[in-house]
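Report on one structure; see the data block that follows.
Throughout, a chain's letter reflects where its sequence line sits, starting with A, and its residues are numbered from 1. As a basis for the values below, the full set of heavy atoms in this structure was taken, side chains included, without hydrogen atoms, waters or symmetry mates. Nothing here was measured: the structure is a model prediction, and the numbers come from that model.
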Amino acid sequence: MAYWLLKSEPDSYSFAQMQHDRRTAWSGVRNHQAANNLRAMQPGDLAFFYHSNTGREIVGVVEILRTAYPDPSDASGKFVMVDVGKPVPMPQPIGLAEIKTTPALRDLPLLKQSRLSVMPIGGREWQTLCKMGGFKTLGVKR
DNA sequence: GCCAACGTTGGC
DNA sequence: GCCAACGTTGGC
């Protein structure tokens, strides 16, 4: 099982909307590196939900429910999307500023590749972030 | 609102 | 194939 981070601008799609929808297709990715990450996802993988631009914090966790399939919003047919769902809010959202000042998270792609919208998270970093976010264990309560 | 990072486009 | 111009993302 792998861990990921998904970015979304809350003005276009917020975690509150995610909680309302329960499940959604993660469409609109138009960057090849991000698309390759989508292709590597497996059902059961978990992903942090990060609010970019407005908020700049990790606000929750979602589960990957379906492997990559063609994104109908892409006319070229090259880009893909996955289905995500089962949103769980973070007891304590983790701000970007806090992430930046945590030595164990120094190598997060979030800090190094600020424009990448879908990125992998290492198991150790996942654990650190879950702890910071107020989850009691690595397993997320549902 | 500004600007850095970075991807894409198009002229040569 | 190189590189300048331009557009977009996202932090500040």
Legend entry - ring-ring contact (aromatic ring centres under 6.0 Å, His included) contacts touching residues 84-119 of chain A (sequence neighbours left out): none

Legend entry - ring-ring contact (aromatic ring centres under 6.0 Å, His included): pairs with one or both residues in residues 96-117 of chain A, sequence neighbours excluded: none

Legend entry - Whichever of A:Gln33 and A:Asn53 has its nearest DNA chain B nucleotide further upstream toward 5': A:Asn53

Legend entry - Residue list, side-chain contact (heavy atoms from CB on, under 4.5 Å) with A:Thr67, at least two apart or on another chain: A:Gln42, A:Pro43

Inset, instruction - Could you tell me which residues satisfy side-chain contact (heavy atoms from CB on, under 4.5 Å) with A:Asn53, sequence neighbours excluded, listed by chain and number? - result: A:Glu9

Legend entry - Nucleotides bounding contact with chain A, strand DNA chain C, heavy-atom threshold 4.0 Å: C:dG7 to C:dC12

Inset, instruction - Starting at CH2 of A:Trp26, measure out to CG of A:Leu6 and round the result to the nearest 0.5 Å. - result: 5.0 Å

Identify each donor-acceptor pair in which a side-chain atom of residues 70-79 of chain A lies under 3.5 Å from a protein atom, sequence neighbours left out, and give them as a table.
from: A:Asp71; atom 1: OD1; to: A:Ser73; atom 2: N; distance (Å): 2.9
from: A:Asp71; atom 1: OD1; to: A:Ser73; atom 2: OG; distance (Å): 2.7
from: A:Asp71; atom 1: OD2; to: A:Gly28; atom 2: N; distance (Å): 2.8
from: A:Asp71; atom 1: OD2; to: A:Arg30; atom 2: NH1; distance (Å): 3.2
from: A:Asp71; atom 1: OD2; to: A:Ser73; atom 2: OG; distance (Å): 3.2
from: A:Ser73; atom 1: OG; to: A:Arg30; atom 2: NH2; distance (Å): 2.9
from: A:Asp74; atom 1: OD1; to: A:Ser76; atom 2: N; distance (Å): 3.2
from: A:Asp74; atom 1: OD1; to: A:Ser76; atom 2: OG; distance (Å): 3.0
from: A:Asp74; atom 1: OD2; to: A:Ser76; atom 2: OG; distance (Å): 3.0
from: A:Asp74; atom 1: OD2; to: A:Gly77; atom 2: N; distance (Å): 3.2
from: A:Asp74; atom 1: OD2; to: A:Lys78; atom 2: N; distance (Å): 2.9
from: A:Asp74; atom 1: OD2; to: A:Phe79; atom 2: N; distance (Å): 2.8
from: A:Ser76; atom 1: OG; to: A:Lys78; atom 2: N; distance (Å): 3.2

Inset, instruction - Mind running a 4.0 Å heavy-atom check of residues 93-103 of chain A against DNA chain C and sending the residues that fall below it, in number order? - result: A:Leu96, A:Lys100

Inset, instruction - Using the test salt bridge (charged side-chain N to carboxylate O under 4.0 Å, His left out), find all partners of A:Asp83 that sit at least two apart in sequence or belong to another chain. - result: A:Arg23

Inset, instruction - Please go through A:Met81's hydrophobic cluster and name the other residues, only I, L, V, M, F, W, Y counting, with side-chain heavy atoms under 4.5 Å joining them. - result: A:Tyr69

